[in-house]
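Report on the following structure.
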Protein chains: 2
Amino acid sequence: MSQPKPTESELEILNILWERGACTVREIHEVLEKTKEAGYTTTLKLMQIMNEKNLVNRDASSKTHIYQANISQEDTQGQMVKKMIDTVFNGSAMDLVMQALGNHKASKDELELIKQYLEQAEKKKK
Amino acid sequence: MSQPKPTESELEILNILWERGACTVREIHEVLEKTKEAGYTTTLKLMQIMNEKNLVNRDASSKTHIYQANISQEDTQGQMVKKMIDTVFNGSAMDLVMQALGNHKASKDELELIKQYLEQAEKKKK
DNA sequence: GTTTGTTTACGAAATGATTCGTAGATGGAT
DNA sequence: ATCCATCTACGAATCATTTCGTAAACAAAC
């Protein structure tokens with residue numbers, strides 16, 4: 001049942017769908033245009049392919065079709081993190097966390113949040 | 001100066017080079033064979049391409065060429081984490097960290113390590 | 001009903017990644 | 001020197017992804 005992993009371009013579209021919910025091709029296209037060069041039919045084609053792959057659902061009841069993401073952002077993120085841990089960090093989630101924290105300079109509040117999360121996680125282990 | 005990002009297959013090879021240091025094509029190929037189907041010339045071609053892209057260095061002084069990674073594992077990991085944060089986690093390093101911790105069930109020791117790391121990081125902020 | 005603008009469908013070109021067959025070079029063993 | 005095993009070089013086939021041109025469907029405006 002697991003869907004094939006989205007490509008780069010598909011991910012861009014999914015991000016928009018996750019943020020804005022159901023969208024027409026034109027809406028998606030207009031968002032994409034702001035950050036990249038792309039023809040309308042290119043976006044359309046991508047979404048048709050995503051529909052075939054069941055990455056999105058399509059409501060075709062009216063002339064202008066309406067698309068919705070068919071995989072959750074959380075699941076997708078989880079999948080991709082898992083893959084990155086396996087292929088780039090030799091299976092060590094720790095190493096990835098360190099990279100993410102080190103590079104990106106999380107804010108003090110963020111660090112506090114993570115610490116709380118960790119303390120909770122530790123309690124559960126006991 | 002930044003090198004083009006390695007493809008999936010190139011990353012597999014880089015991982016081996018990072019782990020074992022300088023290698024011949026045959027060495028790499030024998031490691032790859034353990035986990036995937038691939039002809040020798042396929043591996044060779046990949047490494048030639050990686051050499052063109054400057055992802056690896058090649059010592060061609062003897063008949064059997066010897067390859068070395070020309071990008072560091074840390075830099076590559078950093079680049080890829082950054083990209084993932086941007087394209088999959090809407091710029092939030094936190095969200096990625098949570099996913100990594102949540103899914104992968106870091107061990108108690110690992111959690112402790114992260115906590116220590118965080119405490120140090122907090123001190124520096126003060 | 002004809003025109004106009006927007007939409008979807010289709011197919012094919014362009015690009016990038018992966019795979020491998022074949023040929024030629026090299027070096028060691030006989 | 002010849003043979004044999006192994007290596008590199010090269011080019012092409014295959015496959016996936018991205019791109020877009022063109023045509024047909026449709027609806028609203030005239």
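It should be emphasised that the depicted structure is a prediction, and the values quoted were computed from it without experimental measurement. Letters A, B, ... are given to chains in the order of the sequence lines, protein chains preceding strands, and every chain is numbered from 1.
Residue pairs satisfying the salt bridge (charged side-chain N to carboxylate O under 4.0 Å, His left out) criterion with at least one member in residues 28-46 of chain A, sequence neighbours excluded, are listed as follows: Glu12(A)-Lys36(A). The stretch residues 9-49 of chain A participates, sequence neighbours left out, in these ring pair (Phe, Tyr, Trp, His ring centres under 6.0 Å) pairs: His29(A)-Tyr40(A).
Panel note: side chain Gln77(B), backbone Val88(A); a donor-acceptor pair is recorded below 3.5 Å.
Nearer to the 5' terminus of DNA chain D, by closest-nucleotide assignment, is the contact made by Lys5(A) (compared with the other of Thr42(A) and Lys5(A)). Remark on DNA chain D: of its neighbouring residues Thr7(A) and Arg26(B), the 5'-side contact belongs to Arg26(B), judged by nearest-heavy-atom nucleotide.
The CD atom of Glu10(B) sits 7 Å away from the P atom of dA17(C) (whole-angstrom rounding). Summarising the geometry, the separation between CG on Leu32(B) and C1' on dT19(C) is reported as 13 Å, rounded to the nearest angstrom. As rounded to whole Å, 12 Å separates atom P of dT7(C) from atom CE of Met47(A). Rounding to whole angstrom units, CD of residue Glu52(A) and P of dC10(C) are separated by 9 Å.
Contact check, Gln48(A) against dA9(C): a side-chain N or O comes under 4.0 Å of OP1 or OP2. Residue Thr24(A) has no polar side-chain atom (N or O) positioned under 4.0 Å from OP1 or OP2 of dT7(C). Look at Tyr40(A) and you'll find a side-chain N or O under 4.0 angstrom from OP1 or OP2 of dT8(C).
The base of dT18(C) is not paired with the side chain of Lys45(B) by any donor and acceptor separated by under 3.5 Å.
Base engagement by Thr41(B) is indicated by at least one non-hydrogen atom pair under 4.0 Å involving a base atom.
Here dT18(C) is the nucleotide among dG27(C), dT18(C), dT6(C) with the atom lying nearest to any side-chain atom of Glu8(B).
The footprint of chain A on DNA chain D, defined by a heavy-atom cutoff below 4.0 Å, extends from dT17(D) to dC26(D).
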